[in-house]
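Encoded as structure tokens, the structure appears first; notes follow it.
Just so it is clear: chains get the letters A, B, ... in the order the sequence lines come, proteins before strands, and each one is counted from 1. Note that these values count all heavy atoms, side chains included, but never hydrogens, waters or copies made by symmetry.
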There are 2 protein chains.
Amino acid sequence: MNIGEVSKRSGLPAKTIRYYEDIGLIRPHRSENGYRAFGENDLHKLAFLGRARALGFSIEDCRNLLTLYEDHTRASADVKDIARHHLDRIDQKLTELQEMRATLAGLVSACAGDNRPDCPILADLAAESCH
Amino acid sequence: MNIGEVSKRSGLPAKTIRYYEDIGLIRPHRSENGYRAFGENDLHKLAFLGRARALGFSIEDCRNLLTLYEDHTRASADVKDIARHHLDRIDQKLTELQEMRATLAGLVSACAGDNRPDCPILADLAAESCH
DNA sequence: GCTTGACCTTCTAGCTAGTGGAACCTCTAT
DNA sequence: ATAGAGGTTCCACTAGCTAGAAGGTCAAGC
């Protein structure tokens, strides 16, 4: 398989696939003409990576998950650890975003949004809090 | 004021303040010895930037907000536009993260997390979906 | 046989919003 | 005079790609 077909079947852009090779996530063979020659195994890995990335796992998490995936003597506890840590990060991010959202939504609804210069949003941002 | 004091009073790291000058968000004067010489106005702008960034506004949004802030003939509608777009992006991100969270939480709770290799998390990531 | 177009290759540079570190200068106190 | 705490510039690095340039390869059509 050439990169184009793998791209289509995995849903990942060719650029991304080359990048993943670059950083050592996959190691496709090469044809005589220099083209990357992917096997079904590579395709599986890429699909795996695509799904892991879609769940927000970092590349380093993905690398570890892939290693565990290929290690049939793994302990599921190791996988769960990675996932739980990631879940924690997501929860943290969610809390952060929800706080931003609340503040911002309050400001937006307080702003007239007309031709006049008075603006509670700017007023809040400019609030005297530096001494 | 030297950068150290501005840093303390604005809450921004000195590095960040230098960076903000680099990208043209502020233009502090220079003393004869080459040190940056900040006025109260610079301090206000930095505090403004700090709060805008804390609300998640991008640097480009911040640049525009700062311009509006200094333009006393602004229309609050312009400010509100920026804020609303940002709110939309936050909501989008929240939805995304909540979906990730739901999937991930389901997988985590389904995983035994013991010494055995069987793992629903890996099973899900490896699911056959590429053709 | 030649050309066209689609595909592939490598390489460099850019994106966001800074952060870390090196090498060096300046000020203040002792 | 010197130590230490500040300040300066510049370069490299982070994450995870993406864009684009310059060029090689392949299959089809004339």
Side-chain angles (χ1 to χ4, degrees), chain A residues 1-38 42 45-46 48-66 82 85-86 89-90 92-93 96-97 100, chain B residues 1-38 42 45-46 48-66 82 85-86 89-90 92-93 96-97 100:
Chain A
M1 258 180 294
N2 282 348
I3 202 168
E5 194 184 341
V6 177
S7 169
K8 224 176 290 172
R9 287 175 62 183
S10 68
L12 296 173
K15 288 258 181 192
T16 299
I17 297 173
R18 290 195 194 99
Y19 172 68
Y20 286 173
E21 183 188 13
D22 236 47
I23 62 174
L25 288 178
I26 51 167
R27 288 180 210 285
H29 294 118
R30 294 290 176 138
S31 305
E32 303 218 331
N33 59 11
Y35 287 15
R36 287 168 185 80
F38 298 85
D42 295 311
K45 282 200 198 176
L46 287 169
F48 182 100
L49 288 169
R51 271 185 295 268
R53 293 286 302 131
L55 283 180
F57 284 105
S58 72
I59 290 286
E60 276 322 293
D61 280 349
C62 288
R63 196 187 298 278
N64 293 325
L65 288 170
L66 209 47
I82 295 176
H85 279 128
H86 180 43
R89 280 193 300 272
I90 287 180
Q92 221 177 316
K93 191 77 191 165
E96 212 178 291
L97 279 178
M100 281 183 192
Chain B
M1 257 178 295
N2 282 348
I3 201 166
E5 195 184 340
V6 177
S7 169
K8 224 175 288 170
R9 288 175 63 184
S10 69
L12 296 173
K15 284 263 183 191
T16 300
I17 297 173
R18 290 194 194 98
Y19 172 67
Y20 286 174
E21 183 188 13
D22 237 46
I23 61 174
L25 288 178
I26 51 166
R27 287 179 210 285
H29 293 119
R30 294 291 176 137
S31 304
E32 303 217 333
N33 58 12
Y35 286 16
R36 287 170 184 80
F38 297 85
D42 296 312
K45 282 200 199 179
L46 287 168
F48 181 101
L49 288 168
R51 272 187 295 270
R53 293 286 302 131
L55 283 180
F57 284 104
S58 72
I59 291 286
E60 276 320 294
D61 280 349
C62 287
R63 195 187 298 278
N64 293 324
L65 288 170
L66 209 47
I82 295 176
H85 279 127
H86 181 42
R89 279 192 300 271
I90 287 181
Q92 221 178 315
K93 191 78 191 164
E96 212 178 291
L97 279 178
M100 281 183 191

> Is A/I3 touching bases, backbone alone, or none of the nucleic acid, heavy atoms closer than 4.0 Å?
Replying inline: sugar-phosphate

> Contact class for B/R18 vs. all strands (heavy atom < 4.0 Å): base, sugar-phosphate, or nothing?
Replying inline: base

Tell me the interatomic distance from [X], atom [atom1], to [N], atom [atom2], rounded to whole angstroms.
X: B/D22; N: C/dT19; atom1: CG; atom2: C1'; result: 13 Å
X: B/E32; N: D/dG7; atom1: CD; atom2: C1'; result: 16 Å
X: A/E21; N: C/dC11; atom1: CD; atom2: P; result: 12 Å
X: B/N2; N: C/dT26; atom1: CG; atom2: P; result: 14 Å

> How would you list, by chain and number, every residue that makes a ring pair (Phe, Tyr, Trp, His ring centres under 6.0 Å) with B/Y20, sequence neighbours excluded?
Replying inline: none

[Y] and [X], any side-chain heavy atoms less than 4.5 Å apart:
X: B/I26; Y: B/I17; value: yes
X: A/T16; Y: A/R53; value: no
X: B/F57; Y: B/I82; value: yes
X: B/L25; Y: B/K45; value: no

>> Looking at C/dT16, I'd like to know if its phosphate oxygens (OP1 or OP2) sit under 4.0 Å from a side-chain N or O belonging to B/R63.
In response: no

>> Does C/dT10 have its OP1 or OP2 closer than 4.0 Å to a side-chain nitrogen or oxygen of A/R36?
In response: yes

Which atom of [X] lies closest to which atom of [Y], heavy atoms considered:
X: A/M100; Y: B/L55; answer: SD-O, 3.4 Å
X: A/L46; Y: A/V6; answer: CD1-CG1, 3.4 Å
X: B/C62; Y: B/A52; answer: SG-CB, 3.6 Å

>> Tell me every residue that passes side chain to side chain donor-acceptor pair (under 3.5 Å) with A/R63, counting only those two or more places apart in sequence or in another chain.
In response: A/E60

>> B/R30: which residues meet the side chain to side chain donor-acceptor pair (under 3.5 Å) condition with it, sequence neighbours left out?
In response: B/E21

>> Taking A/G4's backbone N and O only, do any of them form a donor-acceptor pair with A/N2's side chain (distance below 3.5 Å, no angle check)?
In response: no

> Which angle, rounded to 10°, do you find between the first-five-pair axis and the last-five-pair axis of the helix from C/dG1-D/dC30 to C/dT30-D/dA1?
Replying inline: 30°

>> I need a per-nucleotide contact map over nucleotides 10-21 of chain D, read 5' to 3'. Cutoff is protein heavy atoms under 4.0 Å; write B for the base, S for backbone only, - otherwise.
In response: ------BBSBB-

Look for any protein N or O under 3.5 Å of an N or O in nucleotides 26-29 of chain D and output each such pair with its distance, or none.
| residue | atom | partner | partner atom | Å |
| --- | --- | --- | --- | --- |
| D/dC26 | OP1 | A/N33 | ND2 | 3.2 |

